[in-house]
Trainee: 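Structure in structure tokens, see below.
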Amino acid sequence: MFTKVTSGEVQTITIQFEGETLVVRKGLNVAAALLEAGVKQFRETPVSGQARTPFCMMGVCFDCLLIIDGMHNQQSCMIEVAEGMKIERQLGMATIEFNASAEQGL
Amino acid sequence: MTDTFDLIIIGAGPAGMAAAELAAKHGASILILDEQARPGGQIYRAVEIMANRNRVELGDSYHAGLTLVNAFRDSHVQYIPKASVWQVSQGGEVGYSFDGTAHIVIGKQVIIATGAQERPFPIPGWTLSGVMTMGAAQILLKESELAIEDAVFAGCGPLFYLVIHQYLTAGIPIKAVIDLTPKGNYLKALPHLFSALPALPKIYEGWKWKREIIKSNVPYFSDVSDLKILGEEGVTGISYKQGSTWKTLDASHILLHQGVVPNVNISLAAGCKSSWNEDQACWRINVDDWFQSSVKGVRVTGDGASIGGALAAEQRGRIAAVGALVQLEKITATEGDHLAAPYKAALAAEMRVRPFLDALFKPSDTFRIPQHDNTIVCRCEEVTVGQVRQVVGMGCAGPNQLKSFSRCGMGPCQGRFCGLTVSELISETLKKPVSAVGYYRLRPPVKPLLLQELANLKITKGDSL
Amino acid sequence: MITNAITSASRTADAIIIGGGLHGCSTALQLAMRGMSVIIIEKDYVGRHASGVNAGGVRRLGRDLAEVPLSVESAKMWHDIESLVGDDCGFVASRQIKVAETEEHMVQLQNRVQQVKALGFDHEKMIDQKELREKLPAISDHCVGGLIVEGDGSANPFRTSQAFRRQCESLGVQLKENTVVSRFEKKEGVWHIHTSMGKFESPNLVNCAGAWGGKMAEMLGESVPIDTRAPMLMITSRIPPFIDSVVGVQGRPLSFKQFVNGTVLIGGGHVGKANPDTNETLLKYEGLAINANIAMTLFPQIRHAKIVRSWAGIEGYLPDNIPVISKSNIDGAFHSFGYSAHGFQMSPIAGKILSELIIDGKSELSIDAFSINRFSNDSLKP
């Protein structure tokens, strides 16, 4: 279980994870914030579909990859939470929208 | 923004900060790029923020890092945090991304100070949700003030005892400690004790931490010859083998650690030559006394070259900076010798304890060279020990051919958590020395780069090169 | 430095091939299949360079007209590659499409179809915008049509090199890796090949040295204006399947392909620097950026894919961008090199042609266009 040990003053912000609203501590990285919130699965590997959670917390292992504000393959341990941030699990390969008009991409 | 700098430093840990601060004093124009949001590296992570909080468990040696961070903040350098360096090439080209845009800048001299990462710990179940490195737990404690309750700690090394000590001090419940220090290491370390004597207070401190763990009411196990992490969806327990008996502990968090190794991806991709070091069981970058690598104008220093610890890294950063200043003709070679003398003396003193620590905490072969066929070697592409052995049996002679045969090492982490295992596993399978087996040939970008970032690359070269 | 490990028996052969790339192995295989004893001398290891790290395109589409008949024959061999080398080489048949971005491109491609037809081939066909969008739903709206070939494909280059190697070895071909040639001598009809591992002897010497082929030719007194460059490739992390064709573009040197595992390979285009003496390649980011831009122009949504790796191989380019496949002017010497970054598909047929030149004295298919003499001053005279 992840528990807070801070004695400092805590400010919170609101983020969305998988459509659910989470109140998290300001200043945390996304990975830490989700771990504290009790999230047990961040991504599923593209090879076998195994559930993964952050392993190294320092940008080395790439197991904390999430979709953050629509962007895939984000190393969540390296990104600070922001008010209103929309976060989703990354299941398998990163997806790219190919059904939208091609021109939107430019 | 200036596009050409006298000196570009990669990494704002102890080595990078010390190098930047010293070089700036001697009039060099400096760009320092760091992946984290704040200076300090992993060792002094978030030290500025924690300064005003009552975090005694983190210890004096952590809080002492604030002095270096403050000196760095006061120096005249261009510091870009949250910058991800994806390439250093010959000729001083440094490619980095910041805020979704990729840039290439030129350093007349480059110092790579990318620090250490944790050694891979390939055992059955090490990819399960709920398993973390112990370094990760410490980073969570330092920066996010987050504790992991009721975790099983398994591993060895100075940091292993330190983090458990920090947990005990903070009163965070620990499920059990599995001490994997090989028994034979005590004897192997003994001959190095004499030269380590000046560091006796430190060794004593480490010994005290170990006593503290054993005397605490946390279950403590040693003489463990094998480990398996259990679980399907996530961790449910850990089995350990003592003698010929397997025993099991229920647990939902496992923290693993068996020492740190140089973070070499940028250096190797830059073409720096490296050598296998048997004492530390890792690849080290070949550098001279001034931390000059085999690539002209590129220095590799601190733990990124070879493991020496934070205090050594600080001195090594300064010595590398002096080397760069001489090359830049900011100071003469004689001035350089004079300037570096105290740093070199301090470094030598700091390094005297190293052979003792290396011998005492060298992880056992069992946990470096996985034996169970189903153990995952490459976390990204989920390549197992059995698959590596099979491919080697088909005539694959080294790590690079292994990549082509099996995709091992070709996922997003680019071999960071399998490279060492692969070198040693192939060495063992082919009965060839690790030095002859070699390491992955690393290819830029060393950090994944968005295609649109590459497409919009801003190449801003100065006139001087 | 002569090692004792090599017995004198293995120092002579009916043919000695310089270069353990795909062309060297393919030639060795064809010779061995016809009963010749063969030694391959390779300075690094099999498939270390262009053979093992190329984009793996098995393409008839858009070939130089001189290459078309060879390429068509080679394609047949690729479709049955398993019977040749005992492994499918990761070959996946697929269509290849060359995209036209403008009406002007369409005219150029139509002319091309006529030229190929005039040679007696009809594998290249035009498609209009509607068909293009059917075949490539992710293609940018501005593209107007293209040229298509059904039944081309791609293979895994490293696996292919290894399959050819294994098949060679099973037929008794001897591989001498980490062996560097220093000079050739011809005495009484026998080539004496001096290397870092001692001397080898054979009546037939075959230059399949790829980017180093020019150097070998020069040692035989047959200089060619070869240029060594480093074609750059980059690959993305896995993304869901979105293209099942190998895609090129008219007027732009780009190839674009998605593997079964989801990774996308972007190759062609701007080249990096190569140092054939040190095996080093230097990536040019300006060039990679342009290649990435072209990729985004064609498939706009690919912009959010992550590039996880880029690399370059060392390749030999000739001024007319077609290889040398030729007898030497010296008896008992043969050349097959300088494929100018499109030799992968040609390797099965080129090996067969070389074996015919060596054993029968002539090849079934015409190779006049690939003569080593085409660069000499004499051949330029009217």
Side-chain angles (χ1 to χ4, degrees), chain B residues 84 86-91 93-97 100 102-105 265 269-271 295 380-382 391 394-398 400-407 409-415 436 438 440-461, chain C residues 45-48 52-53 87 90 156-162 165-166 169 177-178 232-239 259 261 263-264 266 272-273 275 278-297 299-312:
Chain B
S84 170
W86 42 265
Q87 164 70 336
V88 173
S89 59
Q90 312 192 354
E93 271 186 2
V94 175
Y96 72 94
S97 288
H103 305 262
I104 284 186
V105 286
N265 278 47
V295 177
C380 299
E381 293 292 324
E382 297 177 69
V391 165
M394 280 166 63
C396 160
N400 292 306
Q401 286 154 296
L402 178 67
K403 283 202 288 193
S404 309
F405 270 112
S406 71
R407 290 194 57 78
M410 289 175 89
C413 101
Q414 301 176 335
Y440 294 131
R441 211 166 29 243
L442 293 174
R443 300 300 195 186
V446 292
K447 277 270 182 164
L449 184 62
L450 270 183
L451 189 109
Q452 71 177 13
E453 279 187 66
L454 178 60
N456 299 329
L457 182 62
K458 306 246 181 302
I459 297 171
T460 45
K461 284 186 185 171
Chain C
Y45 59 81
V46 166
R48 161 70 178 83
V53 301
D87 186 284
N156 178 331
F158 190 77
R159 183 166 163 186
T160 305
S161 309
Q162 294 306 311
R165 175 210 177 113
R166 277 198 305 275
E169 286 180 319
E177 295 180 298
N178 301 307
M232 300 189 292
L233 296 116
M234 53 189 160
I235 196 153
T236 70
S237 57
R238 294 165 186 258
I239 57 176
F259 292 99
N261 64 33
T263 59
V264 179
I266 302 165
K273 275 189 192 161
N275 184 342
T278 60
N279 286 349
E280 282 172 328
T281 53
L282 194 64
L283 296 160
K284 305 279 280 181
Y285 278 88
E286 299 93 323
L288 281 178
I290 295 166
N291 295 352
N293 244 311
I294 299 173
M296 247 166 64
T297 308
F299 297 106
Q301 289 88 345
I302 195 80
R303 71 194 190 283
H304 283 168
K306 289 249 185 180
I307 303 294
V308 290
R309 203 162 46 255
S310 58
W311 70 94

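Because the structure is predicted, anything quoted here is derived from the model rather than measured. Reminder, nothing fancy here: chain letters follow the sequence lines and each chain counts from 1.
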Trainee: How many angstroms lie between atom OG1 of C:Thr281 and atom CZ of B:Arg443, to the nearest 0.5 angstrom?
Mentor: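 Here the rounded value is 5.0 Å.
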Trainee: Got a second to check how far C:Lys306's NZ is from B:Glu453's CD, nearest 0.5 Å?
Mentor: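 Output value for this atom pair is 6.5 Å.
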Trainee: Any idea which heavy atoms bring B:Leu450 and C:Arg303 closest together, and the distance?
Mentor: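 Looking at all heavy atoms of both residues, the shortest contact is CD2-O, 3.9 Å.
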Trainee: Applying ring pair (Phe, Tyr, Trp, His ring centres under 6.0 Å), name anything that partners B:Tyr440, two or more places apart in sequence or on another chain.
Mentor: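 Residues passing ring pair (Phe, Tyr, Trp, His ring centres under 6.0 Å) with B:Tyr440: none at all.
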Trainee: Who pairs with C:Tyr45 by ring pair (Phe, Tyr, Trp, His ring centres under 6.0 Å), at least two apart in sequence or on another chain?
Mentor: none
Trainee: Against chain B, label C:Ile290 side chain, backbone, both or neither, depending on which of its atoms sit under 4.5 Å from a heavy atom there.
Mentor: neither
Trainee: As an exercise: rank B:Gly271, B:Pro448, B:Pro412, B:Pro444 by heavy-atom pairs under 4.5 Å with chain C and give me the winner.
Mentor: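 The candidate making the most pairs under 4.5 Å is B:Pro444.
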Trainee: Report the distance from atom CD of B:Gln401 to atom CZ of C:Arg48, rounding to the nearest 0.5 Å.
Mentor: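 Reported to 0.5 Å precision, the distance equals 10.0 Å.
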Trainee: Is C:Arg309 in contact with chain B via its backbone, its side chain, both, or neither, using a 4.5 Å heavy-atom distance?
Mentor: both
Trainee: So which part of C:Leu288 gets closer than 4.5 Å to some heavy atom of chain B, the side chain, the backbone, both or neither?
Mentor: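 For C:Leu288, backbone and side chain are both near chain B.
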Trainee: Would you indicate whether the side-chain heavy atoms of C:Met234 and B:Leu454 approach each other to under 4.5 Å?
Mentor: yes
Trainee: Do the side chains of B:Met394 and C:Gln162 get nearer than 4.5 Å, heavy atoms only?
Mentor: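 With C-beta onward as the side chain, the pair stays apart.
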Trainee: Which label fits B:Trp86 and C:Tyr285: parallel for a plane angle under 30°, tilted from 30 to 60°, or perpendicular past 60°?
Mentor: tilted
Trainee: Using a 4.5 angstrom heavy-atom cutoff, name the option from B:Gln87, B:Gln90, B:Lys447 with the most pairs to chain C.
Mentor: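 Between B:Gln87, B:Gln90, B:Lys447, the count favours B:Gln87.
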Trainee: What is the minimum heavy-atom distance between C:Ala295 and B:Leu451, and which atoms define it?
Mentor: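 The pair with the smallest heavy-atom distance is CB-CD2, 4.4 Å.
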Trainee: Considering only heavy atoms, which portion of C:Asn261 lies under 4.5 Å from any heavy atom of chain B: side chain, backbone, both, or neither?
Mentor: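 When you check distances to chain B, only side chain atoms of C:Asn261 fall under 4.5 Å.
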